[in-house]
Amino acid sequence: MKTQTVYKPTGGLTDRPLSYCPGCTHGIIHKLVGEVLEEKGLLDETVAIASVGCSVMSYEFFNCDTQQAAHGRAPAVATGIKRVRPDATVFTYQGDGDLASIGMAEIVHAAHRGENITVVFVNNAIYGMTGGQMAPTTLIGQKTTTSPRGRDQGNTGLPLRMSELLATVPGSTYLERVSVHDPKHIRKAKKALEKAFDVQEKKQGFSMIEFISTCPVNWGMTPNDSLNWAVDNLIPYYPLGVYKDATKGDDNA
Amino acid sequence: MAKVLMKGNEAMALAAIKGGCDAFFGYPITPQNEIPEYLSYHMQEHGRVFVQAESEVAAINMVYGAAGAGARVLTSSSSPGIALKQEGISYIVGSELPAVIINVMRGGPGLGGIQPSQGDYNQVTRGGGNGDYHLLAFAPETLQETVDIVKQSFDLADYYRNPVMIAVDGLIGQMMEPVDIDKEVEQKTLEEKTWASDGTSGKRGRVNKIVSLHLDPYDLEKHNLKLKAKYDEMVEKEQRYEMIDTDDAEIVIVAYGSMARIARSAVKELRNEGVKVGIIRPITIWPFPEKAFDELPESVHTLLTVEMSLGQMLQDVKIVNQGRYQLEFYGRAGGVVPEASEIMDQVRKHLKGAK
Amino acid sequence: MKRITILTGHYGSGKSEIAINLAIQDELNALIDLDIINPYFRSRSARKLLEANGIELIESTIENSAGSDLPFISAKGSRPFVNSDLRAVYDLGGTKHGAKVMMQFRDFIKNRDEIDFLVVVNIYRPETDQAKKIIQMVEELEATSQIRVTGFINNSNLMEYTDESMIEEGERILKEAAGTLNLPIVYTFIEEHVKTTKRYAGDNRVLIRYLAKQWL
């Protein structure tokens with residue numbers, strides 16, 4: 001009998017089992033990043049920066065050089081690496097608490113300087129690692145352990161839209177928001193990642209792909225329900241699409 | 001090369017370039033601004049990296065990234081800015097990365113003032129970040145000594161894979177003094193940085209990870225013991241100090257940095273009066289130069305610690321003293337620089353038989 | 001000596017010490033300290049000495065707050081330009097960044113013939129150790145202050161290590177720059193300890209260090 005390889009795990013990830021809950025999309029996003037780096041032949045020359053949050057251990061999962069950053073500081077760490085090793089491919093992997101709350105200054109200024117790095121931003125509208133507290137991206141009315149009656153605008157403001165915000169920063173180059181709730185969107189998300197790493201390879205500056213993600217455990221839902229909830233609630237507030245493309249003369253754009 | 005006349009901050013910046021600094025990341029704060037200003041102009045000439053970060057917090061994390069990628073990295077700041085960097089410093093130590101940090105100290109606490117101070121002694125020697133760690137910490141007295149130490153510090157940081165801090169009070173940052181910038185300094189034999197996470201895993205054949213996270217407590221304890229072994233080596237090998245006029249001294253002043261300069265003037269005049277007084281001048285403040293205290297002659301009865309702070313180094317003198325000598329203290333704070341006459345009065349007060 | 005002398009140059013070139021020396025030696029009415037660059041070692045530290053010599057000190061110390069100041073410019077700094085009875089020396093902060101504060105007073109300056117704008121040079125400062133660097137600095141200082149430089153002060157020294165040969169070497173390099181720019185050397189300042197009978201370019205003056213304390 002003849003055997004044929006129909007599926008092979010990406011070489012972009014190590015053999016370590018992922019430390020993510022069932023139904024969480026971190027696994028899909030990890031796989032996409034790994035595939036893109038492998039397919040582009042960049043793994044050997046990449047440095048990944050893990051942040052603080054559920055993906056704190058991602059330095060064990062990406063099969064490339066890694067550094068683990070303090071909470072929110074991944075874009076500063078990436079800046080340090082990229083400035084002294086401009087030929088390396090450098091990306092950060094950050095959640096919404098890390099990037100949009102404690103790390104707001106670092107992400108805005110990395111974009112503002114036009115750092116030639118790629119940011120993989122995973123937005124699930126909650127602090128997962130610490131047990132489901134309110135994030136800057138938590139929706140109005142969404143219940144968390146620190147917004148037990150639902151997020152209230154008067155007390156906590158409105159959810160922050162990071163892709164839109166960074167699109168107003170003159171130094172940013174490519175910003176796209178994607179989702180991975182079904183195969184069609186997963187394929188689209190992969191294309192977006194390819195584009196972001198292209199921007200970096202061509203030394204065109206700062207790129208960020210924002211992934212709408214889920215947190216079935218802290219949202220208190222089944223994996224399927226959480227995907228549906230993301231589609232019904234997160235995507236309307238965080239519309240998918242390209243928020244900025246300042247690349248010039250690029251036919252893939 | 002012949003001597004040139006330089007301002008302290010400017011001399012430290014040039015010394016860093018001479019010491020092989022690849023990259024500088026910093027944020028403005030008085031009284032150290034001439035360091036980033038000088039480097040913003042001159043690093044480029046040498047094809048090196050200069051970035052003005054958005055904050056001290058970002059700057060130290062850029063240092064962490066660049067050091068993790070194998071570069072020789074510098075940051076500089078002043079007291080409240082150093083306080084902001086403490087989290088990053090703890091991460092750099094935890095990940096065993098080399099880095100050089102210059103602290104041009106001013107008065108505190110809080111926003112404090114901009115006049116010279118030694119009020120960061122605890123911040124420098126005890127660390128403000130979390131965990132069991134130390135920095136190799138120098139507190140030089142003259143611009144020549146400062147320049148020599150800055151040049152050496154990159155080697156020392158690489159050798160120990162631990163940050164080195166050079167703590168000078170604002171006076172040394174701002175004063176002018178002739179220096180020979182090219183004076184030879186001792187160099188360490190260094191190993192290649194095969195641990196660096198610099199995006200060359202292809203050539204290396206394996207991936208490198210720079211982390212300070214160890215979730216298994218036994219694993220983390222092992223890591224702490226490894227760090228401790230480095231600190232033990234520093235205590236053994238790196239204590240630096242100068243004994244000044246101690247051979248027949250009855251009173252010995254303990255002072256570092258600008259305070260030691262002022263103490264020298266006081267000792268010179270007191271010696272002219274026949275007073276038997278000397279100085280122990282710590283050059284490293286961590287490790288604290290305990291060996292110096294074993295070299296004191298039997299004639300000593302009193303140690304007078306003088307600081308531009310209110311008894312911070314005194315704690316270390318107490319630990320080392322172990323009841324051997326009478327301990328006295330004199331300090332000024334908040335940016336007030338004592339006159340030599342104030343120290344002379346203190347010495348006279350503690351002479352045997354003095355009332 | 002013109003009615004108003006403005007001192008500029010690289011930081012650490014000796015402007016503040018020279019300003020105090022000129023004010024005392026020439027019995028000027030006012031010293032205006034416009035240094036917004038340095039936090040320490042500025043001519044304002046010599047307040048008592050200046051006042052004892054009948055010289056008004058104009059600077060930015062906050063009133064009723066001993067010794068504390070912010071890097072702002074006192075509006076009183078325009079007074080010598082307005083009151084033609086006043087003989088004064090201006091001490092600017094180092095480099096073009098220190099010189100740009102003169103723009104503040106541009107509209108008060110009526111008669112430029114009354115003003116000497118002098119660049120203090122110490123060739124033992126690495127940033128001014130060659131004629132071409134000095135020339136470039138003069139161009140930058142003029143561009144940011146919008147005032148024509150009228151001459152140089154040779155203050156070449158290595159503090160206590162200074163000897164005659166260093167003053168001469170300073171004069172040689174400074175003459176090269178001065179020749180190119182067609183500017184005079186107006187003063188040579190000589191460290192107190194250098195007992196020389198030689199004559200150097202311009203008016204020869206002894207430099208007494210009022211700001212550097214004995215232990216510095």
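Note that the structure is a prediction, hence the values are computed from the model and not measured. Every chain is numbered from 1, with letters handed out A, B, ... down the list of sequences.
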In terms of heavy-atom pairs under 4.5 Å, which option from B:Val49, B:Val211, B:Val63 contacts chain A the most?
B:Val211
NZ (B:Lys188) with more than 12 external heavy atoms under 6.0 Å
yes
How many angstroms lie between CD in A:Glu45 and NZ in B:Lys203, if you round to the nearest 0.5 Å?
9.5 Å
Scanning both residues in full, the closest heavy-atom pair of B:Lys209 with A:Tyr59 reads NZ-O, 2.8 Å
Select one option (side chain, backbone, both, neither) describing which atoms of B:Arg48 are under 4.5 Å from chain A's heavy atoms.
neither
Is it the side chain or the backbone of A:Leu43 that comes within 4.5 Å of chain B heavy atoms, both, or neither?
backbone
Quick one: does any side-chain atom of B:Tyr64 pair with a main-chain N or O of A:Gln68 as donor and acceptor, under 3.5 Å?
yes
Indicate the atoms forming the closest heavy-atom contact of A:Glu106 with B:Ser55, along with that distance.
OE2-OG, 4.4 Å
Among A:Val108, A:Thr79, A:Thr89, which has the most heavy-atom pairs under 4.5 Å with chain B?
A:Thr79
Considering residues, nucleotides and ligands other than B:Asn122, do more than 12 of their heavy atoms fall under 6.0 Å from its CG?
yes
Which one, B:Gly68, B:Ala53, B:Ala59, leads in non-hydrogen pairs under 4.5 Å with chain A?
B:Gly68
Decide if atom CD of A:Glu201 counts as having more than 12 heavy atoms of other residues, nucleotides or ligands within a radius under 6.0 Å.
yes
Taking all atoms of both residues into account, what is the closest heavy-atom pair of A:Gly80 and B:Ala66, and its distance?
O-CB, 3.4 Å
Mark yes when over 12 heavy atoms from residues, nucleotides or ligands other than B:Glu45 sit less than 6.0 Å from its CD; otherwise mark no.
yes
Decide if atom CG of B:Asp216 counts as having more than 12 heavy atoms of other residues, nucleotides or ligands within a radius under 6.0 Å.
yes
Residue pair A:Ala88 / B:Gly199: nearest heavy atoms and the distance that separates them
CB-CA, 4.3 Å
If you round to the nearest 0.5 Å, how far is CG of B:Asp22 from CZ of A:Arg85?
7.0 Å
Report which part of A:Asp87 has an atom under 4.5 Å of a heavy atom belonging to chain B: side chain, backbone, both, or neither.
neither
Of all of B:Val73, B:Leu213, B:Thr200, which one pairs up most often with chain A through heavy atoms under 4.5 Å apart?
B:Leu213
Heavy-atom neighbours of A:Lys191 NZ exceed 12 at 6.0 Å
no
If you count heavy-atom pairs within less than 4.5 Å of chain A, which of B:Ala71, B:Ala69, B:Gly88 leads?
B:Ala69
Contact between A:Arg73 and B:Ile60 at the side-chain level, heavy atoms closer than 4.5 Å - yes or no?
no
Would the distance check show the side chain of B:Ser201 and the main-chain N or O of A:Asp65 forming a donor-acceptor pair, the cut-off being under 3.5 Å?
no
List the atom of B:Glu87, the atom of A:Ala70, and the distance in Å for their closest heavy-atom pair.
OE2-CB, 3.7 Å
Answer yes or no: does atom CG of B:Leu225 have more than 12 heavy-atom neighbours from other residues, nucleotides or ligands under 6.0 Å?
yes
Measuring only between side-chain heavy atoms, which start at C-beta, is A:Arg83 closer than 4.5 Å to B:Val51?
yes
When every non-hydrogen atom of B:Gly65 is compared with those of A:Ile81, the smallest separation belongs to O-CG1, 3.2 Å
Within a 6.0 Å radius of atom CZ on A:Phe197, are there more than 12 heavy atoms belonging to other residues, nucleotides or ligands?
yes
